[in-house]
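All remarks here apply to the structure that follows.
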Protein chains: 2
Amino acid sequence: MSKPTPERRQSFATPLAEKKRKRPDMTADLLRERLLDAGLKPGDRMPAEWLAPDALKVSRGTLREALKILEFQGLIASKTGPGGGIFVRAMTPSDAIQTATNLFLQRPPTITDIYALRKQLEPELAADAATHLPDEALVTLKETIRIYEKRPESGEEEYLQRLAELDFHAELARNASNPVLGFTCALLLNLLRDLPQCRAIYQKPNPGLRETGILYQIELIRAIAERDPLKARDIMTGHMIEAERYMQTRERLLLEDSETGAGG
Amino acid sequence: MSKPTPERRQSFATPLAEKKRKRPDMTADLLRERLLDAGLKPGDRMPAEWLAPDALKVSRGTLREALKILEFQGLIASKTGPGGGIFVRAMTPSDAIQTATNLFLQRPPTITDIYALRKQLEPELAADAATHLPDEALVTLKETIRIYEKRPESGEEEYLQRLAELDFHAELARNASNPVLGFTCALLLNLLRDLPQCRAIYQKPNPGLRETGILYQIELIRAIAERDPLKARDIMTGHMIEAERYMQTRERLLLEDSETGAGG
DNA sequence: AGATATTTGTTCGTATGTATT
DNA sequence: TAATACATACGAACAAATATC
């Protein structure tokens, strides 16, 4: 048998094809196809013969652009020096989160949209953490909330504390035993951090929120340490409901502000 | 306060930074930052002065690599000729879904992982459809289930029907009024379609499943037409629980198969 | 229809940086 | 430290595409 795998793996080519494929794109697609078909694993070296300028009928420059594409996609990494070359790299969730965030920056969802998912998923994440989170990660979590343990003294500090609060959730997402759940929660956090509306809210002073926020998280850490998933889930559910209500209130305030005052 | 916007938008740099940023990557990040800060909309032309080799202190080749990265991220497109240049491109959800799918093909989640999210999100999608789905989309939905209304006559036909069933859910996702919810559900469907394990399950004959599947969907369409979100949510919840149980059973069967028989 | 100008796309030669030996 | 092997970066020149006259 000459071809053990006759199936063509074409699901990776961009589905909504542009008018014309250009050479670097085609080269990148070709290489990716080979990569996946050959079943190369992260850490494996990319065969040098694939990269010979002659093998692909493209020049070094074009080849380099193709490699750049794959590198950005997270599929490969290059190492200099002898024994160096192109290596298959494990994709990181952040690569994919980045692209998805880009998408939603162009068509921003509402805060209600984001929390519709957070209300469903964060409690699951908390329960997951209570059953699976390793002890080392628990330590990291405790350190994270230490950043905003003390009352902020300036507006900027308050803003940084708010971001650290997102990091707390991000740490949970990073350690999720369910990778898809972790990915989605991380994406939602990224949106909260980057969407202009949310940034505007975070940058304004928010007296009062901090107290309830940190209380929830202390309780949550305790529940996780006790390995009590039901309790963890309940706490997170309550936290999400409060957080959504808070964000919506602030959003309304911000809208009223921009309508009445400060025309500019 | 001399600087009106002192905030640096650095969250876009890969959070888990590699050892060394290289020039094309840095250039790409810089350009993306400018793009977002300037609030350029899809269709807008990228100012030529940003691309002057002098402005960025990089050569044209390096600049082109940076542009290639952004192009692959879906952020820009280029046009040749007079009046041509670099244009901001409207990103499509499929761009981002593709990248995320790439990620999960490298570290496949389990079926349980996927359904942990589907159980939470698909019911919300159904409820959303019952309140927001336009009547035209309802017609499309009815046409979709017509594909698998009749009993399949061959294995291949059964497989195609299974994919059409995924299309039913995809249609719901496409029409979601909540874009993040729609995106996530579409990603999950993509995973079900592309993950090797799932493909293996779908390609085997599954007597009995079809009947309950189509019943659920007929009921669901009725609930949506009646604009009854609670009912729609309930139906979908039941559907998801059954679907998960089914997939898990088939997965177990497949594992046993590959353990006992057919060593090859 | 055809010539021309403008802008992106491709290639080559060479230089530089960096890690191994 | 010097030699090396390899990736990375630069700049100039050429090719292709396309709108305008």
Side-chain angles (χ1 to χ4, degrees), chain A residues 13-14 17-32 34-35 40 42-90, chain B residues 13-14 17-32 34-35 40 42-90:
Chain A
T14 52
E18 298 290 309
K19 307 182 176 181
K20 192 92 138 285
R21 318 288 322 284
K22 293 169 208 165
R23 244 171 283 195
D25 295 11
M26 288 173 46
T27 310
D29 279 344
L30 197 90
L31 285 175
R32 176 177 40 225
R34 280 196 177 182
L35 214 83
L40 290 191
D44 289 348
R45 195 198 152 101
M46 192 151 165
E49 56 264 29
W50 292 5
L51 305 175
D54 205 31
L56 297 165
K57 314 283 191 189
V58 294
S59 76
R60 277 205 325 281
T62 306
L63 178 65
R64 256 181 64 72
E65 283 188 24
L67 290 177
K68 209 81 224 167
I69 290 171
L70 294 180
E71 185 177 351
F72 193 87
Q73 278 213 321
L75 242 56
I76 61 171
S78 52
K79 244 173 41 180
T80 65
I86 309 295
F87 292 85
V88 179
R89 172 174 165 272
Chain B
T14 52
E18 299 289 310
K19 306 182 177 186
K20 191 96 140 277
R21 319 285 326 283
K22 292 169 210 164
R23 244 172 280 206
D25 302 74
M26 287 174 46
T27 310
D29 280 345
L30 196 90
L31 285 175
R32 177 176 40 225
R34 281 196 175 183
L35 214 84
L40 290 190
D44 289 349
R45 187 171 192 275
M46 194 151 165
E49 56 266 28
W50 292 6
L51 306 174
D54 204 30
L56 296 165
K57 312 283 190 188
V58 294
S59 76
R60 219 170 83 87
T62 306
L63 175 66
R64 267 184 56 70
E65 283 187 22
L67 290 177
K68 211 84 224 165
I69 289 172
L70 294 181
E71 187 178 348
F72 224 84
Q73 273 213 321
L75 236 57
I76 62 171
S78 54
K79 245 173 42 181
T80 65
I86 309 296
F87 293 84
V88 179
R89 173 173 165 278

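In the text below, chain A, chain B and the rest are named by the order of the sequence lines, each starting its count at 1. Values below: every heavy atom of this structure, side chains too, minus hydrogens, waters and symmetry copies. Note that the structure is a prediction, hence the values are computed from the model and not measured.
Looking only at distances, no side-chain donor or acceptor of B:Arg89 sits under 3.5 Å from a matching main-chain atom of B:Ser78. Side-chain N or O atoms of B:Arg64 include none that pairs as donor or acceptor with a backbone N or O of B:Ser59 at under 3.5 Å.
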(request) Given side-chain contact (heavy atoms from CB on, under 4.5 Å), test B:Leu51 with B:Leu67 step by step and report yes or no. (result) CA-CA 9 Å; B:Leu51 306 174; B:Leu67 290 177; 4.1 Å; yes
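In this structure, A:Thr62 OG1 and A:Lys57 NZ are separated by 14.5 Å, a value rounded to the nearest 0.5 Å.
In this structure, B:Lys68 pairs ionically with B:Glu71, as a charged nitrogen and a carboxylate oxygen lie closer than 4.0 Å.
One interatomic measurement links the two molecules: CZ of B:Phe87 to P of D:dT18, which rounds to 13 Å at whole-angstrom precision.
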Collect all protein-nucleotide pairs involving nucleotides 7-11 of chain C in which both atoms are nitrogen or oxygen and the distance is under 3.5 Å.
| from | atom 1 | to | atom 2 | distance (Å) |
| --- | --- | --- | --- | --- |
| C:dT7 | O4' | B:Gly81 | O | 3.3 |
| C:dT7 | O2 | B:Gly81 | N | 3.3 |
| C:dG9 | OP1 | A:Lys22 | NZ | 2.9 |
| C:dG9 | OP1 | B:Ser78 | OG | 2.6 |
| C:dG9 | OP2 | B:Arg64 | NH1 | 2.8 |
| C:dG9 | N7 | B:Arg60 | NH2 | 3.1 |
| C:dG9 | O6 | B:Arg60 | NH2 | 2.9 |
| C:dT10 | OP1 | A:Arg23 | N | 3.3 |
| C:dT10 | O4 | B:Arg60 | NH2 | 3.2 |
| C:dT11 | OP1 | A:Arg23 | NH1 | 3.4 |
| C:dT11 | OP2 | A:Ser59 | N | 3.4 |
| C:dT11 | OP2 | A:Ser59 | OG | 3.0 |
| C:dT11 | OP2 | A:Thr62 | OG1 | 2.2 |
| C:dT11 | O5' | A:Ser59 | OG | 3.2 |

